[in-house]
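Keep in mind the model is a prediction, meaning the values are calculated, not measured. By convention here, the first residue in the shown sequence is residue 1.
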Amino acid sequence: MAIPVEEAIAALSTFSLEDEQPDVQGLSVSLSCERYATNSPIEYGDVSAYRLSLTEDTKAINQLNTLIQEGKEMASMLYTYRSCVKALPQLPDSMKHSQADLYLETYQVLDLEMSRLREIQRWQASAASKLAADMQRFSRPERLINGPTITHYWSMLRLLDVLVQLDHLKNAKASIPNDFSWYKRTFTQVSVQWQDTDSMREELDDLQIFLSTRWAILLNLHAEMFRVNTVEDILHILIVFCVESLELDFALLFPERHTLLRVLPVLIVLATSSEKDSESLYKRVKINRLISIFKNDPVIPAFPDLHLSPASILKELSMYFQNFSSQTRLLTLPAPHEIPPREMQEYPKHCQFEILCHNLDLPTYQRNYLVINHIGSIRAEHDEFSIRFASAMNQIVILKSTEGADSDWSREVKGNMYDVVVDGFQLLSKWTGRVWEQCAWKFARPCKDPTHIDSNKSTTSYFDYEKVVRWNYSFDERKALLELISYIKSVGSMMQRCDALVADALWETMHMEVQDFVQDKLDVMLRSTFRKKKDLSRILSDMRTLSADWMANTSKAEPELQALYHESGELKTNTFYPRPVALTAAQVHCLQFLICELVSGGNLRKPGGLFGNSGTGIPIDDLKQLETFFYKLSFFLHILDYTATIGTLTDLGFLWFREFYLESSRVIQFPIECSLPWMLVDHVIESHDSGLIESILMPFDIYNDSAQHALVVLKQRFLYDEIEAEVDLCFDLLVLKLSEIIFSYYKSSAASELLDKAFIAASDDGEKYSVQPIRFNEILKLRRVKLLGRTIDLRSLITQRMNKLFRENIDFLLDRFESQDLCAIVELQQLLEILKLTHKSLSRILELDSFSLMLNEMQENLSLVSFSSRLVTQIWTEMQNDFLPNFILCNTTQRFIRCPKAANRTAQKASFPGSKPYFYCGTQDLNSAYQSIAELHYEFFGIPHMCAIVQLIGSRSLPWIIRALLDHISSKITTMAPKINGLQEALPKAIGLLPFDGGVAGCQRSVHEQLTWGMKAELKMEVLHNLKEIGSTIYCMGLLDVVLREIDTVQFIQTAPWLGFVPGTDGQIKQVQGAEGSPIVHLFRTATATIVSNPTCPNPSSFLTMSKQAEAAELLYKTNLKTGSVLEYALAFTSAALDKHYSKWSANPKTGFIDITTSKDFYRIFSGLQFEYLEETVLDQSKNHDMLGDSVAWAGCTIMYLLGQQLHFELFDFSYQFLNVAEVESATLMQHLSYKSSGFFQGYENLLEAMRKARRLNNHVFSMLRARCPLEDKVACAIKQSGAPLHRIRFVNTVSAFETLPQKGA
């Protein structure tokens, strides 16, 4: 069934094609060269229809405009001319026979370029002749034709401006005469075989004279002007027109103002070079007015990297025009680089950079030229205009949505919109003109001493272009320029987007302005001021006939109005319908001509200027109205060219071009560090200014403008290719650096958030650890960045770069950890936590890869069947090669510390990787803070390190580590077995109890006699080291058990309420479970039943699935609550590993009773090792204990306990017996002596104290073992009252029971 059209339209209206992309770019460049609105295809051909005798004038205007267009193309060709000689090949001596062929090829290449120069030579002669003829025609005393009009004035001035620029370019381009000299040389070689070359040589000589003569074009123009009759009058008129336009600011847009400034000094030279009275000019224009203009604008923009100076032009031309050389006041004007110090004034403090570069105070002119001195007012103007434009646009939208709106209100709203647009054009013109003028000033005053800024290089290594661009803009100047560019582009974009919305309002306002003037104000003038002046009345009638829209007039017919006026003596105001019909360029041209005729009376030489009130007989009020309308007409043309005008006023492509400096520096292209657009982008990046970050893409609009200019205006593909290559490089760098800034910012924010608050509170300057907010959200939303006609997804590129940065950061942290010992695991865990929080923050904005996926990828742990990883492997490698051999245990502090005396058996580590600050914590301050915290954990290994290991490797790889440690225990026991056997063999056959009658000294001698291990020193040390590693491993398992139990406790607290667990009266946990099951199951079942019972439920199956998932979750969490102890597991594994050696280390007595004297069980070996170990420690306190620590006791006691030898050890240990003898001896001496003495055991105090500490440590270990591994559960091993032993019962825990653990290396 077809959908009705109304419904389809209503449905489509609900769709929005807008997205959340912010507008942080200027106008998108459309590569086109279409005609604009005022470029009439008939070239003012319709002027003749108005019967104003302007045929000659318009014909001349059309010819001048054609010449202007041709001249601009030739100027573009000349500006982009690059030397062909540089590319010529140099033949080696072996190919000298091919010299003639090379000359011929070279001639053919250069002849194409020289033909273009000949075309310029011919064109300038034609243009000079046409301009001179034009001036001569209007300089006759008698008035034979109407004109010249204001449009004609501008055409003359623009053609003269083109000629001046061509002459300046010809003088500045050194590559042209160089190529010509080669061309002439090749012509001489090639033309030997030719016939009739005289004409070619003559043409060549003329071209040589043209190229080698400075100001040849102006000299030719001067000769053409004064060939027949003088043109002083028209030159004076043009000079007066220029001066008045500059003084009264009648030049509406900056290109017009710059044109006037460029041609004025040339016009003065031409006017004063006449053979007649050369001082007549200064009677009409006072010389002080000219000097004031030239002083206010000592530098004039001409080309992107070329400028003109009125003072320099006047001085140069004075050498060619003798009459002008007497004008000393004009010739003494200083050029920009010649301004004397006495004219310098103090400059604001923010320009110390410029003072450093120029080594002197700065001139007052610089206050006008530098943007930084106007940025405050520019900022205020921008804010005010933005508010006004938004308000005017809102009024227009309301007006369009209101039916039957009041006509007066409608006219007011549209008139306000017109005024705002005009103000916008004027603001854009002023701002862009300031950018042009600042660039010209910088080119005129290069930085003279860049070594003060960059001391790493010598002055001779800098290009001239670097001195005028790279080192000539201070930090504040770059910021001000970037801000101004952002204002220009944003205002231009804001106005361009509304062109369709405001078009009717603008055209209606122009229609109303014209009709109001010609139908009302001219009507009043006709009936009052000009009533008896028939000639002037005729002009007013022509103006009304030319532009009055009588069809829109709703008043009575004109004869009726006249009769009414005669009867009542009053005139009613005409009313008319506003129509969006604008004037044509021809109408504007004719109206301006008629106003000039009316005001001047046809006398172009009238003193006082065009609208000066001298002898016209026109009242001041009427003259003001005519003047206002005259200049409104001038702006109508720019309003009609709305899009073209905005494009012209926002075109900043000139900031990239550097053709003149490329030639003077003799390089193909400058590095991007010298490119002003990239300098501005880099300034935003390096300054970290949060207020500029959203303007970071604005400088790329300069590349868009320059590319458009290269293709459309300069018409040079190679320039576009160079721009495109630079844009590609700069955009890649932008993505790289912008990604690093964003990554660093979010990294710093995460580090600041995770930083210990107590640390910040204890710091003297805690504010330095805070991070100032920067708005990156708008930048990260950009999916369509317009660049050279391409659309780039910046968000996608940044996302890709972010994923790469995260991977590089993880890889760097792992490399850093691999270059350190195991104690750095805490730092690694902190840095990865910061990185994880950074990823979480960025994931809210960007579609990043999963952090766990990236972490597993960099750890090479993506396989589903792999339990190992890069980190786990490194942890185990460090444990095996460094931690277990070289760290010793301090049981009191529960920490491992590096043994200072142990032989370093650490494998060769990679060098410490260096990287950028954002790979750590983002900023130097945060890096230092976290480094200080990490250093607290560098010198030991304890609970914090084990927590870090558990958090990093997770439950997947933790069993792999546990299995590796258990295998290490088993391996060490196996390795130690033959060494234990060797020590057993070295024991005497009979070892008796220590005698009490010999005292402490006798006991010591007895022990030494029984322990005959003198030749087994190495064997003994190997056993001790093996025991140390076993003990360290068991203690590590204990630390791991503590950490895992803490994690299990937290998980239990979180899950117990959902599973129904509550504490019982006896302190045990019991489960309260009703008929519906646990609370979580009951909750989901109840919710599902309620929702399913509702008849409006669309899909009950999903809720039933959720209920089933709740039951599965209950089973899963209940299973997880029944976790075992890692330490108990390790002890059971160790017990099973000892079963292989039980027969040798714990042999059954042959008699069935405990063998006191002949036993060589393990407890005897450990007893002897402990005694000698304690003795050596006392003799040299820095020898053994610092090498072994408390791990030996943990290993020995654990093995004895699991072998069932604890009671044997406590009964027969040498140290314990020694302590017993010492206690008895001490008690006996105390009874026989009447005084107390502390010197009973002089020389044995340290040994006895060491034995007491060892006994306390052993008791601690045995108590822990009894608590965690009760003997009655694992081993039945005791002594009957009769003295017979209960033999050890084999328990089901064998090594095969642990094969479920992942194997090491899996």
Side-chain angles (χ1 to χ4, degrees), residues 884-885 888-891 896 968-984 986-987 991 1007 1011 1013 1016 1019-1038 1127 1130-1131 1133-1135 1137-1138 1141-1142 1144-1146 1159-1177 1184-1185 1187-1219 1250-1266 1268-1269 1271 1275 1277:
L884 295 176
I888 59 175
L889 171 65
C890 178
N891 191 74
F896 291 89
H968 186 72
I969 294 175
S970 178
S971 173
K972 287 299 176 182
I973 291 175
T974 304
T975 304
M976 189 175 59
K979 300 179 178 62
I980 295 292
N981 296 336
L983 293 178
Q984 287 175 334
L987 288 176
I991 302 176
V1007 172
L1011 298 178
W1013 289 343
K1016 303 285 186 178
L1019 198 64
K1020 182 176 63 174
M1021 287 306 300
E1022 290 179 4
V1023 170
L1024 287 174
H1025 279 289
N1026 287 331
L1027 288 173
K1028 182 182 84 71
E1029 293 193 29
I1030 294 172
S1032 298
T1033 305
I1034 293 173
Y1035 197 86
C1036 283
M1037 300 298 285
L1127 180 59
L1131 292 174
F1133 185 95
T1134 306
S1135 176
L1138 290 172
H1141 313 285
Y1142 178 76
K1144 295 183 180 180
W1145 292 3
S1146 184
S1159 174
K1160 295 184 180 181
D1161 291 347
F1162 178 82
Y1163 75 90
R1164 287 286 193 185
I1165 304 299
F1166 183 74
S1167 177
L1169 291 173
Q1170 178 177 261
F1171 187 88
E1172 292 188 351
Y1173 164 67
L1174 294 175
E1175 273 193 325
E1176 292 176 2
T1177 303
N1184 282 339
H1185 192 271
M1187 294 177 62
L1188 300 175
D1190 297 336
S1191 299
V1192 175
W1194 272 88
C1197 293
T1198 301
I1199 293 174
M1200 290 186 294
Y1201 180 82
L1202 295 177
L1203 291 174
Q1205 298 176 1
Q1206 177 188 352
L1207 295 179
H1208 298 70
F1209 175 75
E1210 291 176 348
L1211 286 174
F1212 305 125
D1213 177 56
F1214 295 120
S1215 301
Y1216 287 12
Q1217 294 182 57
F1218 196 89
L1219 288 174
M1251 290 179 177
R1252 294 188 188 99
K1253 290 181 179 179
R1255 184 168 60 182
R1256 288 195 296 269
L1257 176 59
N1258 295 338
N1259 292 337
H1260 168 74
V1261 175
F1262 285 132
S1263 63
M1264 187 280 297
L1265 292 172
R1266 285 193 296 270
R1268 303 304 298 273
C1269 185
L1271 196 62
V1275 180
C1277 183

Can you tell me how far [atom2] of [Y] sits from [atom1] of [X], rounded to the nearest 0.5 angstrom?
X	Y	atom1	atom2	value
Glu1176	Leu1188	CD	CG	9.5 Å
Leu884	Lys972	CG	NZ	8.5 Å
Ser1215	Arg1255	OG	CZ	9.5 Å
Tyr1216	Leu1211	OH	CG	10.5 Å
Gln1206	Asn1258	CD	CG	9.5 Å
Phe1162	Ile1199	CZ	CD1	4.0 Å

With a 4.5 Å heavy-atom cut-off, do [X] and [Y] have their side chains touching?
X	Y	value
Met1021	Leu1024	yes
Gln984	Trp1145	yes
Phe1133	Ser970	yes
Thr1134	Ile973	yes
Thr1198	Cys1269	no

* **Criterion side chain to side chain contact (heavy atoms under 4.5 Å, CB included) on Leu1169 and Leu1027, from CA distance to verdict** => CA-CA 11 Å; Leu1169 291 173; Leu1027 288 173; 4.3 Å; yes
* To do: Would you sort out whether Ile1030 and Met976 count as a side chain to side chain contact (heavy atoms under 4.5 Å, CB included), showing the intermediate values?
  => CA-CA 10 Å; Ile1030 294 172; Met976 189 175 59; 4.0 Å; yes
* Asked: Hey, mind stepping through Glu1210 and Asn1259 against side chain to side chain contact (heavy atoms under 4.5 Å, CB included) and telling me if it holds?
  -> CA-CA 9 Å; Glu1210 291 176 348; Asn1259 292 337; 4.3 Å; yes
Does the plane of the ring in [X] sit parallel, tilted or perpendicular to the ring in [Y]? Use 30° and 60° as the thresholds.
X	Y	value
Phe1171	Phe1214	perpendicular
Tyr1035	Trp1194	perpendicular
Phe1209	Phe1166	tilted

Donor-acceptor under 3.5 Å ([X] side chain, [Y] main chain):
X	Y	result
Glu1029	His968	no
Lys979	Lys1020	no
Ser1146	Tyr1142	no
Asn891	Asp1190	no

* Structure fact -> Sequence neighbours excluded, the answer for side-chain contact (heavy atoms from CB on, under 4.5 Å) partners of Lys1144 is Asn981
* Structure fact -> Contacts of Asn1026 meeting side-chain hydrogen bond (donor to acceptor under 3.5 Å, both in side chains) (sequence neighbours excluded), chain-then-number -> none
